[in-house]
Every structure is written in structure tokens, then in C-alpha cells.
Amino acid sequence: MAVTPLNSAVIAIRKSKSLPKQSYDVVIIGAGHNGLTCAAYLGMAGLKVKVVERRPVVGGASVTEEFYPGFRNSVAAYTVSLLNPKVIRDLRLYEHGLTIVERRAQNFLPTLKGEYLLAAEGQTERNVAKFSGADAERYAAFDAELDACAAVLRDLVLQAPPNLTKGVSLKTFGEFLNAAAFGRRLRRLPTERLRQVYDLFTKSAADYLEGWFEGELLKALFGFDAIVGNYASPYTPGTAYVLLHHAFGEVNGKKRIWGHAIGGMGAITQAMAKAAASHGVEIETGVPVREVQLERGRVSGVVLADGRSIRSSVVAANVNPKLLYTSMLPSEALDTDFLHRMKRWRCGSGTFRMNLALSRLPSFSALPGSDAADHHTAGIIMAPSLGYMDRAYSDARQHGWSREPIIEMLIPSTLDDTLAPHGAHVASLFCQHVAPELPDGSSWDQHRDTVADLMIDTVDRYAPGFRTSVLGRQVLSPLDLEQIFGLTGGDIFHGALSLDQLFWARPMLGYADYRGPLKGLYLCGSGAHPGGGVTGAPGHNAARAILADRRWGFRSAI
Ligand SMILES: Cc1cc2nc3c(=O)[nH]c(=O)nc-3n(C[C@H](O)[C@H](O)[C@H](O)COP(=O)(O)OP(=O)(O)OC[C@H]3O[C@@H](n4cnc5c(N)ncnc54)[C@H](O)[C@@H]3O)c2cc1C
């Protein structure tokens, strides 16, 4: 009998032998990394699990594809840090072929004036001092505060948040214990630490960073993390949280750094799919789910777009909760207030994503040279100040896209020779801000190429000659992210990471424990706590909730 590592106290459930064909213990809608993680844990516990994926490949937003002959890249998500070490361990992802390497420098911020800031292990403070002695002196204290606050969040990502419950029941009692444990955790923290965490949950990134530093480039370095995937100005209250969200990760045990999965982000989900398959999980691709089936008010399976039905008493949805509740279920099955709130679930990152095939590495005016150097392995941020980011947001709101956009460029082929032919390179461009829906009502189909040209021209201003090095490109507007990956509004997190949609309010007060309002229906994707990013955490936590419910409603002890 297999024992799930979710909780060694959880007694594994044997596979049901008497079930008819096309009948499973659990059906998972979507083979994104969270769907695969959830499936793998449930398979490990002995459940009969089927994953049905709409696209021809598994991985959701964490995939590698050939986008130009001979050039492969991570198509959407492009860099790894948040992937939880417990998930890596439990799913034995390294044994299933995953290798994650560190960048040689974390970030490089060139300016058009010929200056640059390089953030790299053991060098950042020295480089900050080139701009401000005061900032260099404060840097270690800032770093320590962010480390400590990130550790608080890290401690919570594999826990279901305390969930609002009413009445007297076993469930209420369980939630009471959960809330008490959460309270005890917080009480153990020094008061000043709690204040810092509170600041990071509520303040704007600009407010938080301006409390520490004066240097524009240094503030831009951290400000970028606050607006990435977040359609907001760094002056918007709550954006400091998104900065913190990007700080709870680690690479090979080193906290808060970002790295590269050899073979691209698809290597993560390929390893997850292998892990799931090794525990008997069936994965079928190219089969969109049309609807979740209900019988007598509870889930009884799914119907695929081709009309096939798959029966199961548990369905876990890896899709955006708005997509699930507004298009896969009959509206009369849901409470009116619930449905009304779900329709207003805020989705829409201001992101535009490109993959480029390059004949050579860029040479930046601020640090010339096309031979591979440490800064070429970094996240190259072209956005020199918080004010610039603020203007980019306002421009996108009024015009549809920033005419001076914020771009992070990553050139993973500097760390990985499996992606491009020898001597050539691939670049990921992650560009903000663009309006998820254009203000004049036109379609992104009309503007995709104009905006793609603008992005390349913008990089060319920092690295003259860049434009002529582009051999081929793949362009993904918010509309493309929605149509290709099923990301509602192009939202990379399955719903904005704002205080009203976080923690016990993700996706809604009363449903933060991965269970939906319909019996047997669970949410295992990024629309659940702790939200977006390639973490595996919602998939892990949802699997735990499903397993706990099979133990007569008793919550898992972890
Ligand atoms: C452009 C971009 C850049 C990003 N960069 C990073 C990054 O560098 N690092 C990072 O950590 N995170 C990044 N993210 C965020 C991260 O990729 C996502 O938050 C995360 O991958 C979401 O994972 P998920 O498993 O919850 O959902 P998804 O990956 O969205 O998977 C959901 C799956 O459900 C499937 N599906 C949808 N509808 C149906 C249906 N009807 N039937 C069956 N299946 C269906 C989809 O096809 C998809 O495979 C980025 C995201 C994007 C889009």
C-alpha cells in the first residue's frame, strides 16, 4: 500500500477495482503544472486519476515549444524560483529529468545614459554604492527584512488559509483549529516583523521602497517584481505584496533567487507528467472539457467537447475559477451571490510576451560586448525608475499599451545549449504594460505586430543593432494568452494578486480551502491560495483537501 508524502499519517486509499471503464476517483480539468502536481499526489495515494487537457501538450503556461525552426524556448513562464522544494522532492522531479541551474547574475538594469546596475551574488552592494553610498549602507538591512518577510510567506504557501465557516460542524471545528494554528504562528513573530509583513501586504511598492532607498535603478530593480503580471502602477496600494510574492522562492536551496530549468519550463511539467504517470495517473491531451456534470447537487464527472462523459465523484479544476464557474457549470447550480462575485473576479495582467530567435547576443551601450558575459544570463530589466513604470501603466490604460514599455529580457540559451543552434540564441521578452482589453474596443489581432515591433525597437535603444539580430519571433498578446493557454483576460496568475483576492479571499471568503460550493468540486490551480507562479502549491494543497475529505471530513494534520 502506497503512503502519500502529503502526510505520512494519511492512510492510502486503494484503487477502486469495481469501477466501470471511463470512471475514475478523480478527474482533473487541465494539465497545467498544478493539475499535474495534484494528480501525482492523488496517484501516490492510490486513487484512480484522470487528467484531461485542452491543449495538445501538457504543462499549461509552463511549456517549452519550438517557435522557429531550430529554436525552442519556454513559451509563457520563463524562469523558475517559486517551485516548492517539497513538491520537487515528493514528485522526485530531479529523478524524472529536471535540472535547475542558477543565473550567473540575477539582474542587469542598463539605462539609456550608459549606466547600469548589476545584481549578482556578492556584488550587489558594491554596485549599488556606485549610485548611492546611503543605499549601499541600507542594502543589507533591507535584504534581511525581505528575507524574513518572505520566510513568513514561504511558511504559509503549503497551508490552506483559515477559511470562513458558519454553524456548528466538524468542518467549523477543523477551521477553528486551523485559525488557532495560524494565530499561534503569527504570535511567535516579533511585533516589528508583523508590522513589516503588514506593510508588504498593504502598501504600494513605491511607498515601501522609497522608505528604504533613494537610487532610481535600485528601486526599479525591486519595483519590477511588484508590477510583473500585475496590471498596476508601482504607486498602487497593495503592489508591495506582488514584490513579496516574487521573493518566497529559491533555487537549489538558495533563497530568493531565480534560475533556469534546462530544456525550458516545459522540463518542469514533463517531469511532473512522468511523476504522475509513474503513479498510474492517465493523462489525455487535446480534449477540452465542456462542462462539469452534476447529479442531485453534487459532482458526477465531466463532459468533453467531443461529447464523451467521464464519471467521477470528485473533479478538481486547474483552470481559472472565473472560467470554471461562469462557463463550465449551469448558472442555476450556483448561488446567485456566489456567481455574481465570480463574474467580477478580477483577471487581466498587463503582459505581452515574445520569444525571439537571435543570430547573436545583444551588446548594450551601457556594457558593450556580444560575447557571453554574466549580465547576459541575468533578467535584463529595461525600465529605469518607478516613475517610468507608473507612466507605462497610465499610458496603457489610456492608449492600450505603453509607448515606453517595461521589458524584462532573458536569454536562457546563455545557460542552456539545448535551446538554439550553436552560436545562436533565444530570448524571452516579458513586456508590461498592455491593456488586457483595448480602451477603444479594437482587437489585439489588429495591434499585435505593431506592439511587437515597438518591443524590439525598445530593446534596440538599449542595445543598438539588436533589431537586426532577430531571425524570428513568436508574439503573444493578452488575447493570445487567453486563446492559447486558456488564461482568462491573459491573467498569468488566474486572478489578480490584490488583497481582496488573496489568502482567505482566494477565490472567495468561505471557499479558501480548495473546496467549491458544490460537493465534490475542488480548485487546484493558481486561482486558489497561494496564487500564481510555477509553485505547485495549489495543486499540493488541493490534493491534501481531497484526501482529507475521503477520510470522513477530518482535515489532514499537516
Ligand atoms: C506569459 C507568462 C509568463 C509567466 N512567467 C512566469 C515565470 O517566469 N515564472 C513563474 O513562476 N511564473 C510565471 N508565470 C505564471 C505561471 O506560469 C502561472 O501562474 C502558472 O503556470 C499557472 O499554473 P496552473 O497550473 O495553475 O495553471 P495553467 O498553467 O494555466 O494550466 C491550466 C491548464 O488548464 C487547461 N485548460 C483550460 N481550459 C480547459 C478545458 N476547458 N478543458 C481542459 N483543460 C483546460 C489549460 O490549457 C492549461 O493547460 C507566467 C505566466 C505567463 C502566462
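Order of listing sets the numbers, starting from 1, for every ligand and every atom in it. Being a predicted model, the structure only gives us computed values, none of them experimental.
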Check: Asn318 main-chain N/O paired with Asn34 side-chain donor or acceptor under 3.5 Å: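 No: the side chain of Asn34 does not pair with the backbone of Asn318.
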Would you say Gln432's side chain and Thr351's backbone share a donor-acceptor pair under 3.5 angstrom?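 Answer holds: no.
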Could you walk me through whether Asp500 and Arg346 pass the salt bridge (Lys or Arg N to Asp or Glu O under 4.0 Å) check? CA-CA 10 Å; Asp500 59 319; Arg346 252 176 352 96; 3.7 Å; yes
Going by distance alone, is a donor N or O of one side chain under 3.5 Å from an acceptor N or O of the other, for Ser428 and Asn73?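 Side-chain D/A pair, Ser428 to Asn73: present.
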State, without any angle test, whether Asp416 and His260 hold a side-chain donor-acceptor pair at a distance under 3.5 Å.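 Yes.
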Could you check, using the six-membered ring where one of them is a Trp, whether Tyr325 and Phe338 have ring centers closer than 6.0 angstrom?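 Yes, close enough.
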Please tabulate, line by line, the atom pairs linking an N/O of ligand 1 to a protein N/O at a distance below 3.5 Å, with the distance in Å to 0.1, or answer 'none'.
| from | atom 1 | to | atom 2 | distance (Å) |
| --- | --- | --- | --- | --- |
| ligand 1 | 8 (O) | Tyr78 | N | 3.0 |
| ligand 1 | 8 (O) | Thr79 | N | 3.0 |
| ligand 1 | 8 (O) | Thr79 | O | 3.3 |
| ligand 1 | 9 (N) | Thr79 | O | 2.8 |
| ligand 1 | 11 (O) | Val534 | N | 2.8 |
| ligand 1 | 19 (O) | Ile492 | O | 2.7 |
| ligand 1 | 19 (O) | Gly533 | N | 2.8 |
| ligand 1 | 23 (O) | His33 | ND1 | 3.1 |
| ligand 1 | 25 (O) | His33 | N | 3.2 |
| ligand 1 | 25 (O) | His33 | ND1 | 3.4 |
| ligand 1 | 25 (O) | Asn34 | N | 2.9 |
| ligand 1 | 25 (O) | Asn318 | ND2 | 3.1 |
| ligand 1 | 26 (O) | Asn34 | ND2 | 2.9 |
| ligand 1 | 26 (O) | Asn318 | ND2 | 3.4 |
| ligand 1 | 26 (O) | Ser526 | N | 3.0 |
| ligand 1 | 26 (O) | Ser526 | OG | 2.8 |
| ligand 1 | 27 (O) | His494 | NE2 | 3.2 |
| ligand 1 | 29 (O) | Ala61 | N | 2.9 |
| ligand 1 | 30 (O) | His494 | NE2 | 2.8 |
| ligand 1 | 41 (N) | Val289 | O | 3.1 |
| ligand 1 | 42 (N) | Val289 | N | 2.9 |
| ligand 1 | 44 (N) | Arg54 | N | 3.2 |
| ligand 1 | 47 (O) | Glu53 | OE2 | 2.6 |
| ligand 1 | 49 (O) | Glu53 | OE1 | 2.6 |
| ligand 1 | 49 (O) | Glu53 | OE2 | 3.1 |
| ligand 1 | 49 (O) | Gly60 | N | 3.4 |

